[in-house]
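Notes to accompany the following structure.
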Amino acid sequence: MIDLKDVHKSFGANHVIRGFSASVSKGEIVCIIGPSGSGKSTVLRCINGLESYDAGTITIGGVKVDRAHKSIVDIRTKVSMVFQRFNLFPHRTALENVIEGPIFVKKEAEDVARRRGRDLLARVGLADKEHAFPAQLSGGQQQRVAIARALAMQPDAILFDEPTSALDPELVGEVLAVMKSLAEEGMTMVIVTHEIAFGREVADRAIFIDQGVICEEGPAREMLAQPRQARTQDFLKRVLHPM
Amino acid sequence: MQRFINDAIEFLPILFQGVKLTVIVTIGSLLLSTVLGLMWALMRVSGIWLLDVSARVMVNFIRGVPIIVQLFYIYFVMPDLGVTLSALQAAIIGLGIAYSAYQAENFRAGIEAIDHGQIEAAQSIGMGWWMVMRRVVLPQAFRIVLPPYGNVMIMMLKDSSQASTITVAELALQGKLIASSTFKNTSVFTLVAIMYLCMSLPLMYLVTRLEKRAAQSRR
């Protein structure tokens, strides 16, 4: 469903992605791990055209991702994104955040969108918060609203860019629980994360990126428990045992 | 004092005619400067090089020429180019253009204050540039620019007196005309000053309120 072939991306002289190829099939959950600056977030941002790429091809359902082309709107409604810093619209309530896309991008009828929006908020455990503004919500609640907002687009896949990295430790669990329930329903997901245990439990496949290239890739359960490459071993050791 | 009151009773009706024009010039040029200023600001943040540069050139050009010269240009030079405007029209257009440069900088600051992550979030749900502006950026920028916008209103109210230089008989010019025909400079210009104050003090109060509200909503 999502195909990346030999993708390259530079920021000025900084060559952050150096030939990245991967594909994600429908219903698959892929988690991408790697040190900071390894290019993992950039890969994700290229997939839905928030970032342009310099060489190679990215296709979604056979359509090439080109942020200068009109088709990008269609691609973005099919592949939603959840951000590290939630990025909710602060001037709108939780429900308004969720129904913004369906009403103004997908031109859904307002009452239909509202009903579905309420269902989605209930699904992420925030039925009672529909009138709350983002500033009145905790980080974990904001991120769950952001997930509901992504789901409201009825996407084929969701990209998660370090969805729990900006959260206080005690709030991480509630977000991961929602993501796990999505996984169980068969949502296609690409997750950039440092939550190794979560990746091992939920993801089908893991990819370790270092310095813009895939260093190791394999079934998440095995690879995240017993990585073969020395660099992956070293990285996991440092993430799991920081002291 | 008694003399001043007698003068006031005599001159106020004439001065009020000036107030009417002052208000018309202020509101007219405020509206024009808002529309133009928003246009320059959107061009600046459009990400399209040509629009950005043309807006930048226009804004610097407008800022670099005194308002009074712009007014003279529109009123006295434009007829040579085949565009004849009434003094009132010329005043509104001249002040509107002159102030659009300041409005543009104000609006741009408001737009750029919006966290880029929100813009990306809006793009990620499929919004195009214009919809991102309309639904996400501008509603929030609006609240940010409101207090400085109020200050621009006060400045415009006072600067509308520059319209007198192109024969618009607004408050300042009416005062000058009465003063030069009656030689009652003290009474007349005191009245004129009081009348400007009566119009600008409520606006200042409004700005203070807006600033307080803005400070509160910054959570």
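Hydrogens, waters and symmetry mates are skipped; everything else that's a heavy atom, side chains included, is used.
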Inset, instruction - Flag the one option from A:Lys70, A:Arg92, A:Lys106 with the top tally of heavy-atom pairs under 4.5 Å to chain B. - result: A:Arg92
Legend entry - chain A interface, residue from B:Met127, B:His116, B:Gln123 that has the most non-hydrogen pairs under 4.5 Å: B:Gln123
Inset, instruction - Might you confirm whether atom CZ of A:Arg85 has over 12 heavy atoms from other residues, nucleotides or ligands at distances under 6.0 Å? - result: no
Inset, instruction - Kindly compute the distance separating CD (A:Glu100) from CD1 (B:Ile125), expressed to the nearest 0.5 Å. - result: 6.0 Å
Legend entry - Shortest non-hydrogen separation from B:Pro139 to A:His91 and the atoms involved: CB-CD2, 3.7 Å
Inset, instruction - Tell me, for A:Met153 versus chain B, whether the close heavy atoms (under 4.5 Å) come from the side chain, the backbone, both or neither. - result: side chain
Inset, instruction - Please assess B:Glu120 against A:Met81 for the test side chain to side chain contact (heavy atoms under 4.5 Å, CB included), listing each intermediate value before the final yes or no. - result: CA-CA 9 Å; B:Glu120 293 194 336; A:Met81 180 126 175; over 6 Å; no
Inset, instruction - Under 4.5 Å heavy-atom distance to chain B, tell me which part of A:Phe83 shows up: side chain, backbone, both or neither. - result: side chain
Inset, instruction - Report the option among A:Leu159, A:Leu50, A:Asn87 that has the most heavy-atom pairs separated by less than 4.5 Å from atoms of chain B. - result: A:Asn87
Inset, instruction - Would you indicate whether B:Phe142, at its atom CZ, is surrounded by more than 12 heavy atoms from other residues, nucleotides or ligands within a distance under 6.0 Å? - result: no
Inset, instruction - Below 4.5 Å from any heavy atom of chain B, which atoms of A:Val79 appear? Answer side chain, backbone, both or neither. - result: backbone
Inset, instruction - Provide the closest heavy-atom pair for B:Met131 versus A:Phe104 in the form atom of the first, atom of the second, distance. - result: CE-O, 2.9 Å
Legend entry - Separation between OG of B:Ser124 and CZ of A:Arg45, rounded to the nearest 0.5 Å: 10.0 Å
Inset, instruction - Answer yes or no: does atom NZ of A:Lys64 have more than 12 heavy-atom neighbours from other residues, nucleotides or ligands under 6.0 Å? - result: yes
Legend entry - Under 4.5 Å from a heavy atom of chain B, the part of A:Leu88 involved: backbone
Inset, instruction - Compare every heavy atom of A:Pro90 with every heavy atom of B:Gln140, then report the nearest pair and how far apart it is. - result: OE1-CG, 3.0 Å
